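Heavy-atom basis, side chains included; hydrogens, waters and symmetry copies ignored. First the proteins, then the strands, lettered A, B, ... as listed; each starts at 1. Since we're looking at a predicted model, the values are computed, not measured.
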Amino acid sequence: MTITLSFEDGTIRIAGDPPALPFVEDDPRSGTARAPAHRYADLRDALDERGVAYDDRVLSSAAAAADLDLETTYELRPYQREALDAWRDNGDRGVIELPTGSGKTVVAIGATAALSTPTLVVVPTIDLLDQWGRELEAEFGAPIGRFGGGEQRQERITVSTYDSAYLRADEVGGDFGLVVFDEVHHLGGEGYRDIARLLAAPARMGLTATFERPDGAHEVVSELVGPRVYRASADDLAGTHLADYDIKHIEVELTDEERARYEEAQGTFVDYLRTSNITFRSGSDYQELVKRSGTDPRAREALLAKQRAREVMMNSDNKVSELERILDRHRDDRVIVFTAHTDLVYRLSERFLIPAVTNETSAPERREILSRFRDGTYSRVVSANVLDEGVDVPDANVAVVLSGSGSEREFTQRLGRVLRPKDDGGRALLYELVSRETAEERVAARRR
DNA sequence: TTGACTCAACATCCTTTGCTACAA
DNA sequence: TTGTAGGTTTCCATGTTGAGTCA
């Protein structure tokens, strides 16, 4: 009896009598065997290896028959070519790690053209949905489908948000031969990883500037998309394809009043740790404290105190004074200011008359501000985390990080905002402001 | 079509003191 | 002996996004 493979609700249905394979399970309800859709390529390999004949109906007729005959006019830069080759050598699977501004999109376009198969591109934001849509349309001269932002139109090349892909993967999972995950580190999220599980696409490409995740979930991404096959850092490309840069680390003192508030709050936190048998041996022990805070008022008070201490050290007055000096020094430059708190964003915006972009800024207003930043009407902009990722931010040459998390990813993304090569060949500059003798010194050390 | 709202999901959040098991 | 990695799980707060609903 011949084996027949087909796609059904995010799984591969295997009718007939398949050999025992570790990822194939019996499905008593349908009387057939099933494998998770993402194992499609493995399944075919295993059957081929055993010389088992099978009728493959997994990819919908459109996807299976399609030779889109795509061509790209892009001339790949040497590192882009190497990345694409490494990905192809790994059986059209794997993650490519390239810094912001180095042209990750171009590599994906190269892959799409090379495979000429129906392609799904998954992106985290609507902004990126639009950008990819425009770029693919211009490059291939074909209509580009969209899942997300109020549209649900499928084409042979379709761009989707992670959220819409999550909602539709079990239904359209058999329609694409190639899937590209932009900012693929998001795929490690508990829910999003199901997207990759429900798609049958044998060819998979992940793109990111920061592959590794502090919670280790990049291992899951490796399983679902493939291992990291190529990596170039900002340092590798600085001076040639990206701007050279300097990082200036500036320490500021807390005022007496801030110091008192900081010590009081931080003391409350540390005291609780000392008296409650909570040890911080590894990062996730913080979760233990959070859990306790649900039932233990003292734990809750300790966390709130920690929150207050963080606010004091991150938003200290002397950082604002220091920013004033920096802005003065860089009158003729294009400056992006980053903070960790929206309150501070608005304070800075009022005091220095800088346009602010936060999550509360409406989409049209945000477009307006960024467009004026692009054409030079505005030379400065201040934001919390909105501009870190997934937004097309016009190039700047000076970044000021007033405060941030210990996340290496956040830091890399912020640095990436100033790394596009400068017309005059000038260097980019990132200022990092840190309150002396506070936990912020550790935080800053951790992110690098 | 728009704008406002709600909701769910994701990400970060972190410190000293030395437990325990195991590998080099 | 010395050095290093190990195991556990649902939520204090803030910032951000996309989807969905309704006027």
Engineer: To the nearest 0.5 angstrom, please state how far the OG1 atom of T339(A) sits from the CG atom of L323(A).
Structural biologist: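 CG of L323(A) is found 10.5 Å from OG1 of T339(A).
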
Engineer: Any carboxylate oxygen within less than 4.0 angstrom of a Lys/Arg side-chain nitrogen, looking at R197(A) and E223(A)?
Structural biologist: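 No salt bridge links R197(A) with E223(A).
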
Engineer: Between T158(A) and Q154(A), is there a donor-acceptor pair closer than 3.5 Å when you use the side chain of the first and the backbone of the second?
Structural biologist: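 Here the side-chain-to-backbone pair does not exist.
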
Engineer: Determine the Euclidean distance between corresponding P atoms of dC22(B) and dT8(C); express it in Å to zero decimal places.
Structural biologist: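 Roughly 15 Å separates the two P atoms.
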
Engineer: Reading nucleotides 14-23 of chain C from the 5' end, what letters show protein touch, with B for base, S for backbone sugar-phosphate only, - for no heavy atom under 4.0 Å?
Structural biologist: SSBSSSS---

Engineer: Would you say K319(A)'s side chain and L402(A)'s backbone share a donor-acceptor pair under 3.5 angstrom?
Structural biologist: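 Yes, K319(A) side chain to L402(A) backbone: donor-acceptor pair under 3.5 Å.
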
Engineer: What is the distance, rounded to the nearest whole Å, between atom CG of L289(A) and atom P of dT16(B)?
Structural biologist: 13 Å

Engineer: Just to verify, what does R374(A) make a side-chain contact (heavy atoms from CB on, under 4.5 Å) with, not counting sequence neighbours?
Structural biologist: S371(A), D392(A), P394(A)

Engineer: For dA24(B), which nucleotide is its Watson-Crick or G-U wobble mate, given both distances must be under 3.5 Å?
Structural biologist: dT1(C)

Engineer: For the pair R77(A) (side chain) and G103(A) (backbone), establish whether a donor and an acceptor sit closer than 3.5 Å, ignoring hydrogens and angles.
Structural biologist: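 No: the side chain of R77(A) does not pair with the backbone of G103(A).
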
Engineer: Can you tell me the distance, in whole Å, between the CD atom of E301(A) and the C1' atom of dA13(C)?
Structural biologist: 13 Å

Engineer: Nearest-Å distance, CD (E440(A)) to P (dT15(B))?
Structural biologist: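 Rounded to whole Å, this separation is 12 Å.
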
Engineer: R409(A) has an atom CZ; how far is it from atom P of dC13(B), in whole Å?
Structural biologist: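 So the two atoms are 12 Å apart, to the nearest Å.
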
Engineer: Grab the OH-C1' distance between Y286(A) and dT12(B) for me, whole Å please.
Structural biologist: 9 Å

Engineer: Measure from the side-chain N and O atoms of N397(A) to the backbone N and O of R334(A), and report whether any donor-acceptor pair falls under 3.5 Å.
Structural biologist: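 Answer holds: yes.
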
Engineer: With C1' as the reference atom in both, quote the distance from dC11(C) to dT17(B) in angstrom, rounded to an integer.
Structural biologist: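 Each nucleotide's C1' atom is 26 Å from the other's.
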
Engineer: Any heavy-atom pair between the side chains of N318(A) and L254(A) that's under 4.5 Å?
Structural biologist: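 Of all side-chain heavy-atom pairs linking N318(A) with L254(A), none is under 4.5 Å.
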
Engineer: Provide, to the nearest angstrom, the distance between the CZ atom belonging to R292(A) and the P atom belonging to dA13(C).
Structural biologist: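 In whole Å, dA13(C) P lies 18 Å from R292(A) CZ.
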
Engineer: Write down the protein N/O and nucleotide N/O pairs, taken from nucleotides 21-23 of chain B, whose separation is under 3.5 Å; answer none if there are no such pairs.
Structural biologist:
none

Engineer: Would you measure the distance from the P atom in dT9(C) across to the matching atom in dC13(B) and give it in whole Å?
Structural biologist: 23 Å

Engineer: What distance, rounded to whole Å, do you find between the two C1' atoms, one in dT14(C) and one in dT16(B)?
Structural biologist: 26 Å

Engineer: Does some side-chain heavy atom of D127(A) sit less than 4.5 Å from a side-chain heavy atom of R366(A)?
Structural biologist: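 No, their side chains stay 4.5 Å or more apart.
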
Engineer: Does a side-chain N or O from R213(A) land closer than 4.0 Å to OP1 or OP2 of dC10(B), or not?
Structural biologist: no

Engineer: Measure from NZ or CZ of R204(A) to the centre of the six-membered ring of F181(A) and say whether it is under 6.0 Å with the direction within 45° of the ring axis.
Structural biologist: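 Cation-pi check for R204(A) and F181(A): fails.
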
Engineer: Starting the side chain at C-beta, find the nucleotide from dT15(B), dT10(C), dA13(C) nearest to R300(A).
Structural biologist: dA13(C)

Engineer: P atom, dT12(B) versus dG7(C): distance in rounded Å?
Structural biologist: 23 Å

Engineer: Apply ring pair (Phe, Tyr, Trp, His ring centres under 6.0 Å) to Y192(A) and list each qualifying residue two or more places apart in sequence or on a separate chain.
Structural biologist: Y162(A)

Engineer: Give E190(A) one of three labels, base, sugar-phosphate or nothing, depending on what nucleic acid heavy atoms sit under 4.0 Å from its own.
Structural biologist: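 Sugar-phosphate, backbone atoms only, no base.
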
Engineer: Going by ring pair (Phe, Tyr, Trp, His ring centres under 6.0 Å), name the pairs with one or both residues in residues 215-235 of chain A, residues two or more places apart or in two chains.
Structural biologist: F211(A)-H218(A)

Engineer: Can you check the distance between dC14(B) and dG6(C), where both ends of the measurement are the P atom (answer in whole Å)?
Structural biologist: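 Nearest-Å result for dC14(B) against dG6(C) at atom P: 23 Å.
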
Engineer: Could you give the CD-to-C1' distance, from Q287(A) to dT12(B), as a whole number of Å?
Structural biologist: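 Taking atom C1' of dT12(B) as the reference, CD of Q287(A) is at 10 Å.
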
Engineer: What is the separation between atom CZ on R274(A) and atom P on dC14(B), rounded to the nearest whole Å?
Structural biologist: 18 Å

Engineer: Sugar-phosphate atoms are those with a prime plus P, OP1 and OP2; base atoms are the rest. Using that split, label each nucleotide of nucleotides 2-8 of chain B B, S or - for protein heavy atoms under 4.0 Å, 5' to 3'.
Structural biologist: -------

